[in-house]
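See structure below.
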There are 2 protein chains.
Amino acid sequence: MERKTPTIQDVARFANVSTATVSRALSSPEKVSEGTRARVSEAVRVTGYTLNQAGRSLRQRSAKTILVALPDIRNPFFSSILDAIEREAAARGYGVLVLNLYFGHETIRRLQDFLLSNRADGLLLLDGSVDTNLLHALAGQADAIPIVVACEEIPNSGFHTVLTDNVDAAERATQHLIDLGHRRIGHLLGPDHNVVSRERFTGFSRALAASGLTPVPEWSFRGNFDMESGFSAAARFLSMTERPTAIFAANDESAIGFLSGLRQHGIICPRDISVVGFDDLGVAPHYVPPLTTMRQPREALGRMAAEALIDIVEDPDALGIPLRIVLRSELVVRESTARIARGGTNKAGTDNPSS
Amino acid sequence: MERKTPTIQDVARFANVSTATVSRALSSPEKVSEGTRARVSEAVRVTGYTLNQAGRSLRQRSAKTILVALPDIRNPFFSSILDAIEREAAARGYGVLVLNLYFGHETIRRLQDFLLSNRADGLLLLDGSVDTNLLHALAGQADAIPIVVACEEIPNSGFHTVLTDNVDAAERATQHLIDLGHRRIGHLLGPDHNVVSRERFTGFSRALAASGLTPVPEWSFRGNFDMESGFSAAARFLSMTERPTAIFAANDESAIGFLSGLRQHGIICPRDISVVGFDDLGVAPHYVPPLTTMRQPREALGRMAAEALIDIVEDPDALGIPLRIVLRSELVVRESTARIARGGTNKAGTDNPSS
DNA sequence: ATTAGTTATGCAATCGATTACACGCGGCCG
DNA sequence: CGGCCGCGTGTAATCGATTGCATAACTAAT
């Protein structure tokens with residue numbers, strides 16, 4: 001029956017106090033007397049009052065909202081991080097705005113708008129490829145906007161960062177293949193420009209070097225983190241006469257595409273080739289064969305990034321120096337990797353002294 | 001160097017006009033003279049002004065934001081719908097707040113808060129299991145909050161709805177198995193309480209009935225839309241002596257878990273059993289075997305739901321009667337279904353007259 | 001008893017943008 | 001020539017909540 005949403009005025013009138021008192025009763029109860037507090041709660045109950053966030057935001061210049069910008073919500077890797085972020089934010093009373101970051105200036109402008117227009121109090125960036133100048137412009141103002149970068153490092157940017165040990169994890173994944181006796185090891189790359197791709201490639205190269213294996217450039221297959229690109233890589237693999245006996249794929253999706261491509265031509269994993277992936281997607285344990293992969297602590301990553309961001313939002317001086325948290329990934333051994341077989345389908349090779 | 005974010009006041013001062021004029025120049029350019037418009041744009045450029053959304057929201061009582069509430073962001077089905085929603089919203093200048101709907105009152109209260117506190121102008125609900133009373137309370141006020149329900153129907157609720165033809169699609173999926181000669185057909189169920197599960201079961205039952213097949217209760221396996229539940233269902237399947245030759249799974253994830261469980265015991269699809277899934281997940285074409293499945297028009301669904309919601313937000317009378325859009329799903333035939341073989345691993349059966 | 005300190009409350013300004021209303025000016029019509 | 005209309009602009013109220021300052025009522029200390 002109410003004509004319109006009740007405001008703090010209505011509550012004040014009902015409780016016979018001023019709006020100032022109502023505001024205090026609700027936000028800092030210790031400042032009002034017990035009796036008043038009770039009358040106010042009662043009035044709130046009766047009127048059905050709910051805070052108008054716009055009014056509060058205007059006055060306090062804070063929106064109780066964080067902005068999460070990511071390259072692709074559909075990617076299960078990001079969506080599970082987003083999930084963790086949302087949970088943490090919810091627990092601390094913050095809303096979560098999501099922004100798909102395709103390419104292009106249009107999106108960047110929107111990102112800027114959200115922040116500058118006071119719709120969000122801070123930015124959680126899950127993409128390392130955003131223009132650094134722009135970010136610094138946002139973060140460097142007098143009224144600096146808190147930014148935390150997660151997942152992907154922006155080198156030398158000085159932003160607070162939460163990420164996983166990509167280089168090290170990639171090295172361990174590759175080492176796993178070496179431990180199984182493989183000497184002819186290839187890599188299915190991630191996208192060219194991507195920081196994470198590069199880090200994983202670095203780790204891959206280090207592992208080879210540490211074991212004195214010489215990298216074969218043709219065995220680094222172009223990829224794009226998606227299944228299609230893995231599938232195409234398989235075609236290139238099949239066209240080679242000298243093939244690797246094992247592949248470290250930049251992520252599970254491309255690994256799956258790759259395996260699917262190979263299987264169409266009768267190359268069976270792990271009989272003919274070993275493949276290790278990255279991410280431990282939900283499907284990994286149920287794929288055929290179940291995928292050996294590096295599991296990143298996605299929930300922890302999302303949670304910690306959100307925690308850090310909100311800490312800074314609430315107290316800009318909370319963190320002295322730029323934060324840098326590196327989480328360790330874990331190798332999950334399943335059935336897509338196996339000890340190298342003598343005389344497999346692939347030319348197991350003359351340069352294979354051991355095993 | 002600026003002390004603080006520039007406001008409309010600063011722009012007005014710089015352009016030598018009143019704030020009213022600046023506001024008009026920006027929101028309804030046709031109302032100011034050409035010269036003034038130019039001076040204002042210049043002033044905006046120089047001062048680096050951006051709108052403070054809180055101020056505008058307060059005055060206009062609209063947040064230019066919609067709230068999307070869903071049961072699980074991590075689920076790739078939902079995340080791709082969310083993606084489509086975000087794109088559409090972005091195109092129309094709206095922000096997207098996401099809210100994970102676990103169970104429990106806590107979350108519902110948050111949902112209510114978001115809407116009542118004017119942080120969002122409308123609700124896009126991707127979950128049919130929310131308390132209808134609560135929703136009606138929100139939608140039925142004098143200052144009604146626009147609500148669109150998508151994906152899952154809330155029967156007799158009278159809300160605007162955008163969904164896919166679950167019953168019909170399930171019927172067609174099952175019919176596909178029948179067309180391949182299968183007569184002993186089982187179903188891997190979705191969660192008990194879920195509307196979508198029930199609809200798919202209904203479609204399944206109808207297809208059987210239409211072909212005069214009698215349903216076997218034991219062949220309806222409990223499931224939960226996730227891989228684990230499919231995996232467990234496989235164990236129950238294996239323990240039976242009389243087994244179905246084909247299964248219609250409520251979704252791809254459970255189908256994959258099911259296949260993975262069977263494979264561990266040497267039951268190979270499609271040689272020994274045919275399986276049709278639902279959703280056409282990204283992995284479906286690359287699974288082993290590639291999955292036959294019903295593809296729902298996810299992008300269209302998200303886009304149309306967002307469109308409808310924003311239409312109503314911008315003009316509450318835009319839609320006369322409750323909207324109801326039903327989108328058609330499409331059968332994608334791959335390799336997990338095959339014509340029934342004589343004398344397969346399963347007791348192909350005495351009650352199998354044809355083929 | 002006077003003063004200082006404490007507590008609870010109210011008054012009114014404030015946050016930034018929008019908009020109803022009023023005003024001045026020029027042109028057009030009768 | 002006078003009145004009317006409409007365009008472009010300014011003035012000031014308004015949206016709803018918070019908060020600095022003032023004040024009143026008490027308590028405690030000297």
Side-chain angles (χ1 to χ4, degrees), chain A residues 2-41 43-44 47-65 93 113-119 121 143, chain B residues 2-40 43-44 47-65 93 113 115-119 121 143:
Chain A
E2 330 112 284
R3 287 267 143 266
K4 41 174 23 206
T5 324
T7 75
I8 201 173
Q9 319 282 346
D10 301 318
V11 178
R13 201 170 312 125
F14 193 93
N16 244 314
V17 293
S18 71
T19 61
T21 301
V22 175
S23 175
R24 284 188 283 251
L26 295 176
S27 325
S28 18
E30 77 283 1
K31 289 191 182 165
V32 304
S33 72
E34 197 177 336
T36 312
R37 210 178 321 163
R39 268 201 328 235
V40 170
S41 336
V44 167
T47 53
Y49 168 76
T50 48
L51 181 82
N52 179 320
Q53 183 64 34
R56 169 183 281 183
S57 290
L58 180 57
R59 180 65 221 242
Q60 299 192 326
R61 38 201 45 199
S62 94
K64 279 279 190 180
T65 300
D113 258 19
F114 271 109
L115 267 7
L116 260 26
S117 70
N118 248 283
R119 299 173 73 159
D121 304 323
D143 204 2
Chain B
E2 330 115 283
R3 289 268 142 263
K4 42 177 19 209
T5 324
T7 75
I8 202 173
Q9 319 283 345
D10 302 318
V11 178
R13 202 170 312 126
F14 192 93
N16 245 314
V17 293
S18 72
T19 61
T21 301
V22 175
S23 176
R24 283 188 284 249
L26 296 176
S27 325
S28 17
E30 77 282 3
K31 289 190 183 166
V32 304
S33 72
E34 195 179 337
T36 312
R37 210 178 322 163
R39 270 203 327 248
V40 170
V44 167
T47 53
Y49 168 76
T50 49
L51 182 84
N52 180 321
Q53 182 65 34
R56 168 183 282 183
S57 291
L58 179 57
R59 180 65 221 244
Q60 299 192 326
R61 37 194 34 149
S62 96
K64 279 278 191 180
T65 300
D113 259 19
L115 266 8
L116 261 25
S117 70
N118 247 283
R119 297 174 73 160
D121 305 323
D143 204 3

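The analysis underlying the following values was restricted to heavy atoms, covering all of them including side chains, and did not include hydrogens, waters or symmetry mates. In what follows, chains carry the letters A, B, and so on, assigned in the order in which the sequence lines appear, proteins first and then strands, with residues in each chain numbered from 1.
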Are any of the side-chain heavy atoms of [X] and [Y] separated by less than 4.5 Å?
{"X": "Val32(A)", "Y": "Arg37(A)", "answer": "yes"}
{"X": "Thr65(B)", "Y": "Arg119(A)", "answer": "yes"}
{"X": "Arg39(B)", "Y": "Val17(B)", "answer": "yes"}
{"X": "Val11(A)", "Y": "Pro6(A)", "answer": "no"}
{"X": "Ser27(B)", "Y": "Arg56(B)", "answer": "yes"}

Value in whole Å for how far the [atom2] atom of [N] lies from [atom1] of [X]:
{"X": "Glu30(B)", "N": "dG6(D)", "atom1": "CD", "atom2": "C1'", "answer": "15 Å"}
{"X": "Arg59(B)", "N": "dA12(D)", "atom1": "CZ", "atom2": "P", "answer": "16 Å"}
{"X": "Leu58(B)", "N": "dT18(D)", "atom1": "CG", "atom2": "C1'", "answer": "12 Å"}
{"X": "Lys31(B)", "N": "dG6(D)", "atom1": "NZ", "atom2": "P", "answer": "15 Å"}

Original post:
Just the endpoints, please: which first and last nucleotides of DNA chain C, 5' to 3', lie under 4.0 Å from a heavy atom of chain B?
Top reply: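 Extent of the interface on DNA chain C: dG16(C) to dA20(C).
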
Original post:
Sub-3.5 Å donor-acceptor pair from the side chain of Ser28(A) to the main-chain atoms of Lys31(A), do we have one?
Top reply: no

Subject >> Interface with DNA chain D, restricted to residues 18-27 of chain B and to heavy atoms under 4.0 Å >> reply: Ser18(B), Ala20(B), Thr21(B), Arg24(B)

Subject >> First of Thr36(B) and Gly55(B) reached from the 5' end of DNA chain D, by closest nucleotide >> reply: Thr36(B)

Original post:
Would Tyr49(B) and Leu26(B) satisfy side-chain contact (heavy atoms from CB on, under 4.5 Å), going step by step from the backbone distance to the final call?
Top reply: CA-CA 11 Å; Tyr49(B) 168 76; Leu26(B) 296 176; 3.7 Å; yes

**OP:** Begin with the C-alpha distance, continue with both residues' side-chain angles, and end with the deciding distance and a verdict on side-chain contact (heavy atoms from CB on, under 4.5 Å) for Leu116(A) and Thr5(B).
**Re:** CA-CA 8 Å; Leu116(A) 260 26; Thr5(B) 324; 5.5 Å; no

Original post:
With a 4.0 Å cut-off on heavy atoms, is Ser62(B) in touch with a base, just the backbone sugar-phosphate, or nothing at all?
Top reply: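 If one applies the 4.0 Å heavy-atom cut-off, Ser62(B) turns out to touch nothing in the nucleic acid.
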
Original post:
Checking all strands, does Ser57(B) fall into the base, sugar-phosphate, or nothing category for heavy-atom contacts under 4.0 angstrom?
Top reply: nothing

